[in-house]
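Worth knowing before you read on, the calculation uses all heavy atoms, side chains too, and leaves out hydrogens, waters and symmetry mates.
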Amino acid sequence: MGRGRVQLKRIENKINRQVTFSKRRSGLLKKAHEISVLCDAEVALIVFSNKGKLFEYATDSCFINSMERILERYERYSYAERQMGTTDIETQGSWSLEHAKLKARIEVLQRNQRHYMGEDLENLSLRELQNLEHQLDVALKHIRSKKNQLMFESISELQKKDKALQEQNNILAKKVKEKEKALAQQSEEEQQQNHELNSSSFLLSQPLNSLNISEAYQRGGENEGEQQGTSRHLQNSGAMPPWMLSHIN
């Protein structure tokens with residue numbers, strides 16, 4: 001006998017409801033994958049459990065980009081259909097569509113961020129985990145490349161600064177040497193001038209002393225001559241006795 005038709009209604013037993021949800025969800029995801037492969041169709045499936053857990057499927061090797069592309073395509077078609085209504089309805093519908101679009105994109109970005117942080121990975125399949133790992137590897141390569149580039153630029157800048165400082169140091173050292181050389185030369189010139197001044201003062205003092213000595217000799221000779229003349233005068237005049245003349249002489 002075949003199975004009887006199951007009446008569609010909410011399962012009251014919580015455990016049976018959870019088991020049925022898990023089985024039907026797996027079958028639904030399997031059917032979505034089969035129709036995607038067999039019919040070459042773009043399929044996006046989103047399921048929220050009664051506890052708020054998200055289960056999804058999208059057609060493509062890159063899961064995240066495929067889901068966003070399908071959602072955007074759905075929104076464009078939905079927006080085009082709403083454009084066929086009245087103007088007021090279209091305006092309100094466009095705003096609601098834009099809100100729904102932004103909300104869905106925010107949810108996708110938040111989910112991707114959690115995945116990149118290593119959170120909420122329980123519901124991902126092996127293929128999705130491999131895609132996520134590949135994306136993280138590519139991101140790490142870009143990050144390392146950018147880091148190395150910044151490090152090389154920083155090293156190059158530091159080398160330029162070091163070269164400029166070395167050149168400035170060489171210039172300052174050269175100026176210091178020139179200043180020391182000029183000071184040494186000035187000191188030698190001052191010492192030479194002092195030596196010349198001392199020599200000239202010594203030479204000027206020598207003639208003055210010889211001149212005084214010669215004048216003294218001349219004056220002594222004149223005095224002696226005067227004395228001899230006086231004695232001779234007295235002898236010739238006969239006014240003084242000889243013994244006095246001997247004392248005078």
Side-chain angles (χ1 to χ4, degrees), residues 1-85 89-143:
M1 294 178 62
R3 293 179 58 186
R5 186 171 182 178
V6 179
Q7 185 179 0
L8 295 178
K9 65 177 183 178
R10 182 176 181 271
I11 301 174
E12 297 297 333
N13 191 307
K14 185 177 180 180
I15 298 175
N16 294 337
R17 185 169 61 245
Q18 185 64 30
V19 172
T20 303
F21 174 78
S22 179
K23 291 180 179 180
R24 295 296 180 93
R25 183 199 66 204
S26 300
L28 184 61
L29 294 174
K30 182 178 179 182
K31 292 295 182 182
H33 177 66
E34 289 176 354
I35 193 174
S36 173
V37 175
L38 294 174
C39 303
D40 195 17
E42 290 187 355
V43 179
L45 177 62
I46 299 175
V47 178
F48 287 95
S49 67
N50 59 350
K51 292 183 179 180
K53 278 192 173 184
L54 173 64
F55 302 93
E56 56 186 0
Y57 172 81
T59 303
D60 200 350
S61 59
C62 185
F63 170 75
I64 298 173
N65 295 335
S66 177
M67 178 62 75
E68 291 180 354
R69 188 179 69 252
I70 295 173
L71 289 175
E72 289 177 359
R73 184 176 179 183
Y74 169 77
E75 290 169 358
R76 287 197 302 269
Y77 276 85
S78 299
Y79 180 75
E81 291 178 357
R82 290 190 180 94
Q83 289 292 329
M84 299 175 63
I89 297 175
E90 287 175 359
T91 304
Q92 295 176 0
S94 63
W95 284 110
S96 61
L97 177 63
E98 187 69 20
H99 176 265
K101 179 180 179 180
L102 293 175
K103 186 177 180 180
R105 180 171 295 180
I106 290 172
E107 290 178 355
V108 171
L109 292 175
Q110 289 176 349
R111 185 178 65 254
N112 294 340
Q113 184 179 6
R114 290 194 300 270
H115 290 168
Y116 291 145
M117 296 297 294
E119 301 174 357
D120 296 340
L121 302 177
E122 294 82 5
N123 300 322
L124 297 180
S125 63
L126 178 61
R127 184 178 180 183
E128 293 169 354
L129 291 172
Q130 289 176 349
N131 292 331
L132 181 61
E133 183 181 9
H134 176 69
Q135 292 176 2
L136 291 174
D137 289 337
V138 173
L140 284 174
K141 288 180 181 179
H142 288 301
I143 292 171

Q.
Does anything in residues 9-32 form a ring-ring contact (aromatic ring centres under 6.0 Å, His included)? List the pairs, not counting sequence neighbours.
A. Phe21-Phe55

Side chain to side chain donor-acceptor pair (under 3.5 Å) with [X]: which residues, sequence neighbours excluded?
X: Arg25; result: none
X: Gln113; result: none
X: His134; result: none

What residues form a side-chain contact (heavy atoms from CB on, under 4.5 Å) with [X], not counting sequence neighbours?
X: Leu136; value: Tyr116, Leu132
X: Ser125; value: Arg127, Glu128
X: Lys103; value: His99, Glu107

Q: Taking Ser22 for its side chain and Gln18 for its backbone only, find out whether a donor-acceptor pair lies under 3.5 Å.
A: no

If I take atom [atom1] from residue [X] and atom [atom2] from residue [Y], how far apart are they, to the nearest 0.5 angstrom?
X: Asn131; Y: Glu133; atom1: CG; atom2: CD; answer: 10.0 Å
X: Leu71; Y: Glu56; atom1: CG; atom2: CD; answer: 8.5 Å
X: Thr20; Y: Ile11; atom1: OG1; atom2: CD1; answer: 3.5 Å
X: Ile15; Y: Asn13; atom1: CD1; atom2: CG; answer: 5.5 Å

Just wondering, do [Y] and [X] contact through their side chains at under 4.5 Å, heavy atoms?
X: Asn112; Y: Glu68; result: yes
X: Leu102; Y: Glu98; result: yes
X: Leu140; Y: His142; result: no

Under 3.5 Å, sequence neighbours excluded: what are the donor-acceptor pairs made by side chains of residues 33-47?
unit_1 : atom_1 : unit_2 : atom_2 : d
His33  : ND1    : Tyr57  : OH     : 2.9
Ser36  : OG     : Ala41  : O      : 3.3
Ser36  : OG     : Thr59  : OG1    : 2.8
Glu42  : OE1    : Arg73  : NH1    : 3.1

Q: Decide yes or no on salt bridge (charged side-chain N to carboxylate O under 4.0 Å, His left out) for Glu72 and Arg105, but give the supporting numbers first.
A: CA-CA 9 Å; Glu72 289 177 359; Arg105 180 171 295 180; 2.8 Å; yes

Q) How would you list, by chain and number, every residue that makes a salt bridge (Lys or Arg N to Asp or Glu O under 4.0 Å) with Glu119, sequence neighbours excluded? A) none

Q: Kindly write out the residues that satisfy salt bridge (Lys or Arg N to Asp or Glu O under 4.0 Å) with Arg17, not counting sequence neighbours, or none if the list is empty.
A: none

